[in-house]
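Since this is a predicted model, take the numbers as computed values, not measurements. Index from 1, following the sequence.
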Amino acid sequence: MSGYLMGIDVGTQSAKVVIFQTDGKLLCSAQQPLRALAIPQPNRAEHPEDDLWTSVQQACRAAMLRFHQLGGQPHQLLAAGLCVIRCCRVLMRADGELAWPVINWMDVRLNQPYQHETAYGDVRWITTTSGYITHRLTGETRDTSANYIGCWPMDDVRQDWDNLQMPACNLRREQLFHVVRPGDVLGQVTSAAAKASGLPQGLPIVATAHDKAVEALGAGALADNEALISLGTYIGAMVHGDETPRSSDHFWPFQAALPQRFLYECMGVRRGMWTISWFRDQFGAAAVQDAQDRGIDIESLLSAEASRVAAGSDGLITLHDWAAPAHAPWRKGAIIGFDGRHTRAHLFRSLLEGIVFTMKNHLDPMMLALERPLAQLVISGGGANSDLFMQLFADIFGVPARRNAMRSSAAIGCAISAGMAVGVWQQYADAVTALVQPGETFMPNAAHHAHYQQLNQHVYQQLHAALDPLLQRLSNLG
């Protein structure tokens, strides 16, 4: 079947729309940044006004404009897969409008059962971001079963609501959308949504899973000994599992974007790539001018400088706790080991090394518990553009690290789900072969790996034990 497939991928920082030919070639794409999160009080985070839907409309209109300019006809667009940020909560009125701004995954309210607040007003529906955008596009009160993570009464094995869990989540069945499985059609674009977004009326919108699971599919990380590391505001690591979920202290099972499959995910880095943006924006003024003088972007300049720094950043260590975990709310980020040798290049490299150390210390125990030797990493997200970052993953983990030609793996995963739903392919393996184009593979440097092993074992893995008592006292005083 020839034609075009669309991926709609809405993350914490932007909405991306990508259109592929069914033979796997990228036709066009568009991206619309989201506005900065509103922080109305400590430990709360909300998307301002109706920013998610506004950004989706703008990204869709821009992509469809380019689609038409390149000769695409509306009837040639076969389906769109939809993936929106996980672990958020949306409160809707009966008329489909927001009763309250979308509550982001970094909000403390998401760590507990739903509690109605008077300020919310009349709340008819309680759903996820994917459910909300589905409703905006199709008018349906339907959602993917695979985006209900956290305090939701979801039975992941049956992929349906569990009435016995409703009281513990403080929810009633009539407040919740109907759920479908990944790969099922959620509905068709309404005339109102077509006018707002530029999408063809009647376009099928296809369910995917939560964003990291969709990335794993779109990155082609399907082998048992292959792990995906997703570089986003939240940096996660995951591997695919079989039909029966396993549990462990070192990982959690989630519904995969592959029907009847599970994804195992370990702890990650909260505000992971945000930390890199934070460093650039807060301390990069001089680097901006230097980058402009050389005709390159600031990230390329910082990476080039940091590549000339020795492995281990000459003893400068960054501990990534810019957003504390729920079980240790006193934790803060820490950068230790400064001396007179250190420059902005050392600090930038140390930030990257700290991310990779953290991910290794979470991913290794998961692979051990699964009894799977790790053979290769697949790295997705914008951070995969950095040769330095890719080499650090290879050196610190001691295995090859691959990036794909297209870094936006979630958009590819959306298009794969859309194509499977309308019969473009009969097997997911065929869809992955068509759409996932491998890029460069970075091989580990044995000497660097040995040094990083020592640094990790003797320093990095000891930091929480050493710093937690101090940070607890600091939290009480701060």
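Taking the ring centroids of Tyr132 and Trp125, they lie at or beyond the 6.0 Å cut-off.
Ring geometry, Tyr452 versus Phe357: the interplanar angle exceeds 60°, so the pair is classed perpendicular (tilted spans 30 to 60°). Between Phe279 and Phe283, the two ring planes are tilted [angle within 30° to 60°].
A pairwise comparison of heavy atoms in Thr144 and Ala209 identifies OG1-CA, 4.1 Å as the closest pair. Across Leu263 and Ala213, no two heavy atoms sit closer than the pair CD2-CA, 3.6 Å. In plain terms, the two heavy atoms of Ser29 and Val18 that are nearest each other are CB-CG2, 4.0 Å. Of all heavy-atom pairs between Ser417 and Ala207, the closest is CB-O, 4.1 Å. Closest of all the heavy-atom pairs between Val17 and Ala63 is CG1-CB, 3.6 Å. Between Tyr460 and Thr358, the shortest heavy-atom distance links the atoms OH-OG1, 3.2 Å.
Every pair passing ring-ring contact (aromatic ring centres under 6.0 Å, His included) that includes a residue from residues 391-417 is listed here, sequence neighbours excluded: Phe389-Phe393. For residues 46-75, the ring-ring contact (aromatic ring centres under 6.0 Å, His included) pairs, not counting sequence neighbours, are Tyr4-Phe67.
Taken from NE2 in His240 to CG in Leu217, the straight-line distance is 6.0 Å, to the nearest 0.5 Å. With values rounded to the nearest 0.5 angstrom, Arg142 atom CZ is found 5.0 Å from His178 atom NE2. Between the CD1 atom in Ile396 and the CG atom in Asn445 there is a gap of 12.0 Å [rounded to 0.5 Å]. With values rounded to the nearest 0.5 angstrom, Arg61 atom CZ is found 14.0 Å from Lys195 atom NZ. Remark: Asp184 CG to Thr208 OG1 distance equals 11.5 Å, nearest 0.5 Å.
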Exercise. Test side-chain hydrogen bond (donor to acceptor under 3.5 Å, both in side chains) on Thr138 and Gln188 and set out the steps.
Key: CA-CA 5 Å; Thr138 70; Gln188 290 75 38; over 6 Å; no
Exercise. Apply the test side chain to side chain contact (heavy atoms under 4.5 Å, CB included) to residues Tyr234 and Ile85: give CA-CA distance (whole Å), side-chain angles for both, the deciding distance (0.1 Å), then the verdict.
Key: CA-CA 11 Å; Tyr234 179 81; Ile85 329 164; over 6 Å; no
Quiz prompt | Residues Tyr148, Trp161; criterion ring pair (Phe, Tyr, Trp, His ring centres under 6.0 Å); working and verdict | solution = CA-CA 10 Å; Tyr148 286 85; Trp161 297 118; 4.8 Å; yes
Practice problem: Assess whether side-chain hydrogen bond (donor to acceptor under 3.5 Å, both in side chains) is satisfied between Glu215 and Ser380, documenting all intermediate values. | Solution: CA-CA 8 Å; Glu215 276 194 66; Ser380 72; 2.5 Å; yes
Quiz item: How far apart are the C-alpha atoms of Ser191 and Gln201, what are their side-chain angles, what is the distance that settles it, and do they pass the side-chain hydrogen bond (donor to acceptor under 3.5 Å, both in side chains) test?
Solution: CA-CA 5 Å; Ser191 59; Gln201 183 177 348; 4.6 Å; no
Quiz prompt | Steps toward side chain to side chain contact (heavy atoms under 4.5 Å, CB included) verdict (Val90, Ile126) | solution = CA-CA 6 Å; Val90 181; Ile126 302 169; over 6 Å; no
Exercise. Using the side chain to side chain contact (heavy atoms under 4.5 Å, CB included) rule, take Asp50 and Arg136 through it: C-alpha gap first, then chi angles, then the decisive distance, then the call.
Key: CA-CA 11 Å; Asp50 202 359; Arg136 281 294 197 181; 2.8 Å; yes
Exercise. Go through the steps for Asn404 and Gln437 under the test side chain to side chain contact (heavy atoms under 4.5 Å, CB included), then give the verdict.
Key: CA-CA 6 Å; Asn404 292 326; Gln437 306 298 324; over 6 Å; no
Practice problem: Go through the steps for Thr134 and Asp143 under the test side-chain hydrogen bond (donor to acceptor under 3.5 Å, both in side chains), then give the verdict. | Solution: CA-CA 7 Å; Thr134 294; Asp143 195 6; 4.9 Å; no
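Residues forming a side chain to side chain contact (heavy atoms under 4.5 Å, CB included) with Pro200 (at least two apart in sequence, or on another chain): Met64, Pro74, Leu77, Leu203. In this structure, His448 has no ring-ring contact (aromatic ring centres under 6.0 Å, His included) partners at least two apart in sequence or on a different chain. The salt bridge (Lys or Arg N to Asp or Glu O under 4.0 Å) test applied to Asp281 returns no partner, not counting sequence neighbours. Listed by chain and residue number, nothing satisfies the ring-ring contact (aromatic ring centres under 6.0 Å, His included) test with His362 (two or more places apart in sequence, or in another chain).
The environment of Glu97 atom CD is dense: over 12 non-hydrogen atoms of other residues, nucleotides or ligands sit within 6.0 angstrom. Other residues, nucleotides and ligands contribute more than 12 heavy atoms inside 6.0 Å of the CD atom of Gln69.
Using a 4.5 Å cut-off on side-chain heavy atoms (C-beta onward), Val179 and Met154 make contact. In this structure the side chain of Ile298 never reaches within 4.5 angstrom of the side chain of Gln292, judged on heavy atoms. In this structure, the side chains of Thr128 and Phe177 stay at 4.5 Å or more apart for every pair of heavy atoms. Between Trp105 and Arg86 the shortest side-chain heavy-atom distance does not fall below 4.5 Å. Considering only heavy atoms from C-beta on, Ile205 stays 4.5 Å or farther from Val185 through its side chain. Considering only heavy atoms from C-beta on, Thr141 stays 4.5 Å or farther from Leu176 through its side chain. Contact of the Met367 side chain with the Pro373 side chain is not registered, since no non-hydrogen atoms from C-beta on lie closer than 4.5 Å. At least one side-chain heavy atom of Asn104 sits less than 4.5 Å from a side-chain heavy atom of Thr12.
Side chain to side chain, Ser350 and Ser313 fail the donor-acceptor criterion of an N or O pair below 3.5 Å. Donor-acceptor pairing under 3.5 Å is lacking for the side chains of Ser55 and Gln32. A side-chain N or O of Gln255 and one of Ser145 form a donor-acceptor pair less than 3.5 Å apart. At a cut-off of 3.5 Å, with distance as the only test, a side-chain donor of Ser230 or Lys212 sits close to an acceptor on the other residue.
A salt bridge does not link Asp160 with Arg181: every distance from a Lys NZ or Arg NE/NH1/NH2 to an Asp or Glu carboxylate oxygen is 4.0 Å or more. Salt bridge present: Glu49 and Arg35 bring a charged side-chain N and a carboxylate O closer than 4.0 Å. Salt bridge Arg372/Glu226: absent, no basic N to carboxylate O contact under 4.0 Å. Salt bridge Arg402/Glu440: absent, no basic N to carboxylate O contact under 4.0 Å. Look at Arg344 and Glu305 and you find a salt bridge, because one of the NZ, NE, NH1 or NH2 atoms lies within 4.0 Å of a carboxylate O, short of that distance. Under 4.0 Å is where a charged nitrogen must lie from a carboxylate oxygen, and between Arg280 and Asp297 no such pair does. Taking the charged nitrogens against the carboxylate oxygens, Glu46 and Arg89 have no contact shorter than 4.0 Å, which rules out a salt bridge.
For the pair Arg270 (side chain) and Trp322 (backbone), a donor-acceptor distance under 3.5 Å is absent.
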